[in-house]
There are 2 protein chains.
Amino acid sequence: MTDLSQENTGDAALSVRDRHDLMHHEIRQRICLLDYLPGTRLSEVTLAEEFGTSRTPIRRVLARLEDEGLVQSHHGVGTLVTDADIAELEQVYRLRVELTELTARLDPVPPDAKFLAQFDLLVARGAEIIGKGSPRAFTQFDIDVFQALLQLTGNLPLRQTLERLYFQTKRLWLRAAQEAQLDLQEEFRIFQHELEAIQLALRAGDLEAVAHIQRAHISMSFRRLQQAATGA
Amino acid sequence: MTDLSQENTGDAALSVRDRHDLMHHEIRQRICLLDYLPGTRLSEVTLAEEFGTSRTPIRRVLARLEDEGLVQSHHGVGTLVTDADIAELEQVYRLRVELTELTARLDPVPPDAKFLAQFDLLVARGAEIIGKGSPRAFTQFDIDVFQALLQLTGNLPLRQTLERLYFQTKRLWLRAAQEAQLDLQEEFRIFQHELEAIQLALRAGDLEAVAHIQRAHISMSFRRLQQAATGA
DNA sequence: TCATTTGCTGTTGTACACAAATATTCAACA
DNA sequence: TGTTGAATATTTGTGTACAACAGCAAATGA
C-alpha cells in the first residue's frame with residue numbers, strides 16, 4: 001500500500017539518510033562554489049536554524065564533511081572550512097589523474113541514448129556560459145559535467161573515491177586561479193573544447209578516449225595553475 | 001609550557017579527535033578480525049558502557065564507519081555490520097590492485113634503516129605465525145604488514161584511500177576464504193614467501209618491485225578465492 | 001485454524017541542557 | 001604605556017530524555 005512512501009509527498013517524508021545527504025550535498029556545494037571561503041566559520045546553530053532542525057543532525061553532516069577533509073572542527077573555536085597549499089593540492093591532482101584513467105579500464109559503462117542526449121544538453125549549456133557566465137556559474141557547470149561523466153564507470157568504490165577527491169580540489173582550484181590571476185575566460189574556452197572532444201569520443205563509443213581527454217584536462221589544468229602561481 | 005599536554009599523562013588527557021580515532025580503530029579492528037561477523041548488531045548503549053562514555057561519541061564513530069561502508073544503521077532496527085557478495089568484492093579488489101601500483105609511481109618514500117629493521121621484525125613474526133598461528137593472528141599480522149608498507153608512499157590521499165579499501169575487503173576475504181574452505185595454511189605460506197620477496201626488494205631500494213609484488217599478491221589472492229568459491 | 005490487530009520491547013534519531021575549551025575584552029598594575 | 005590576568009562570551013563536545021520506528025508475540029475475532 002505505502003510502498004512509495006519514500007519518494008512522494010514532495011520533501012516532507014524523506015528517509016533519515018536522504019535528509020542527511022541533502023544537507024551534506026548542499027553544504028558541500030556551498031564550499032565548492034566559494035559561498036563559504038576557506039577559513040569561514042560554519043555555525044552549527046545557524047545551520048540548524050536554516051535547515052529547520054537541531055544541532056544534532058547538523059553535527060552528523062559536519063562530521064562527514066570533516067572526514068572528507070572539507071572542514072575541521074575545533075573545540076571551543078568553531079568549525080572552519082579547510083584550506084590547502086599548492087603542494088597538498090598537487091598530491092590530490094596527481095592521484096585524480098591516475099584514477100580518471102582507470103574509469104575506462106576498470107568497469108566502463110557504455111553510454112546509452114539518454115546519456116548522450118543529456119551530454120548534448122550540457123555542451124549546449126557550456127556554450128552559453130562561455131559568453132556571459134560568472135565564475136560561479138562555470139564552477140556549477142564543471143560540477144555537473146563531472147558528475148555526468150562519473151556515470152561512465154560502474155565501479156562504485158572508484159566513483160566514490162573520485163567524487164571525494166574532486167570536491168577536495170575543485171574549490172581550491174577556483175580560489176587559487178583567482179589569486180594567480182589566471183585568465184578564467186580562457187579556461188572556460190579550453191574546457192568547452194575538451195567537452196566537445198569528449199562528445200565526439202562518446203558518440204564513437206570510445207570510452208578510453210574519453211578518459212584520456214579527461215586525464216589531460218585535469219593534468220594540464222593544474223599545470224597552468226602551477227605556472228601562474230609560480231610566475232606571479 | 002603545556003605544549004605536550006596532548007601526548008603525556010598516559011591515556012586520560014587525549015584530544016577529542018584522538019579519543020574518537022581510538023574507538024574507531026578498535027571497532028574497525030574487531031570487524032576485520034571477525035569478532036563482529038557480518039550481520040552482527042552493534043548496540044550503541046553496550047559500546048558506550050564498554051568505552052566508558054555516552055551514546056553521542058559512539059554514534060560519531062559509528063557514523064564514520066557507516067560512511068566507510070563497514071556498518072549500516074537502520075532506524076528502529078540497529079546498526080549492522082555490512083556484508084557483500086563476490087561481485088562487490090571484485091570491484092574493490094580490482095581498484096586496490098591498480099592503486100597499489102601507484103604507491104611506487106606517485107610519491108615513493110625510500111625506506112630508512114628504521115623501517116627496514118621494523119620490516120625484518122615483521123618477517124620474523126610471520127615465520128612464527130605460519131607454524132602455530134590462528135586465522136585471527138594471521139589477519140592481525142596481515143593488517144600490520146599492510147600498514148607498514150603504506151608508509152612507503154608519501155601521497156596522503158592515496159594512503160587514506162588504500163586504507164579504506166583494504167579494510168572493506170580484508171574482513172570479507174577471511175570469511176569467504178573459510179566458507180570456500182580455502183587452505184589457509186597454504187595462504188599463510190604464500191604470503192610469507194611474498195613478504196620475503198618484498199624484503200629483498202626493499203633492501204635493494206626497488207620500490208617499484210615492492211609495489212609489483214604487492215599487486216600480484218592482491219590479485220592472485222582474490223583469484224584463488226574466486227576459483228575456490230565457484231569450484232565449491 | 002488462520003488472519004488481523006494490538007500492545008510491548010528494543011533500537012536508532014532528535015532535541016536540548018549542560019560541560020569543556022578557547023578567544024576576546026577590559027581593567028588593574030608596574 | 002605595555003602587560004598581565006581575570007571575567008565573559010561564544011563555540012564545540014557530551015550526556016540524557018524523549019520521539020519515531022520496526023519487529024515480535026500474544027490476544028482477538030471470524
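In the text below, chain A, chain B and the rest are named by the order of the sequence lines, each starting its count at 1. The figures here come from the full heavy-atom set of this structure, side chains too, leaving out hydrogens, waters and symmetry mates.
- Between A:Phe138 and A:Trp173, the angle of the ring planes lies from 30° to 60°, which puts this pair in the tilted group.
- Classification of B:Glu101 and B:Arg96 as a salt-bridged pair fails, no side-chain N sitting under 4.0 Å from a carboxylate O.
- Side-chain to base pairing of B:Arg17 with D:dG13: no donor and acceptor N or O lie closer than 3.5 Å to each other.
- A sub-4.0 Å separation between OP1 or OP2 of D:dT16 and a side-chain N or O of B:Thr56 is absent.
- You'll find the side chain of A:Thr82 stays beyond 4.5 Å of the side chain of A:Glu68, heavy atoms only.
- For the pair B:Asp67 and A:Arg164, the salt-bridge criterion is not met [side-chain N within less than 4.0 Å of a carboxylate O].
- B:Arg125 places a side-chain heavy atom less than 4.5 Å from the side chain of B:Asp144.
- A:Leu62 has its CG atom 14 Å from the P atom of D:dT11, to the nearest Å.
- For the atom pair OG of B:Ser73 and CZ of B:Arg41, the computed distance is 12.0 Å after rounding to the nearest 0.5 Å.
- Residue contacts shown for B:Leu42 are limited to sugar-phosphate atoms, with no base heavy atom under 4.0 Å away.
- Distances shorter than 4.0 Å separate some side-chain N or O of A:Thr79 from OP1 or OP2 on D:dT12.
- Taking 4.0 Å as the cut-off between side-chain N and carboxylate O, B:Glu66 and B:Arg59 do not count as a salt-bridged pair.
- When the P atom of D:dT11 is taken as reference, atom CG of A:Leu80 falls 12 Å away, rounded to whole Å.
- Taking only side-chain nitrogens and oxygens, A:Arg41 never comes nearer than 4.0 Å to OP1 or OP2 of D:dT12.
- Using a 4.0 Å cut-off, some side-chain N or O of A:Arg59 falls inside it from OP1 or OP2 of D:dG13.
- Each of A:Arg55 and A:His75 has a nearest nucleotide on DNA chain C; the 5'-most of these lies closest to A:Arg55.
- The end-to-end axis angle of the helix from C:dT1-D:dA30 to C:dA30-D:dT1, rounded to 10 degrees and based on five pairs per end, is 10°.
- A nucleotide of DNA chain C counts as in contact with chain A when one of its atoms lies under 4.0 Å from a heavy atom; the first and last such, 5' to 3', are C:dG13 to C:dT22.
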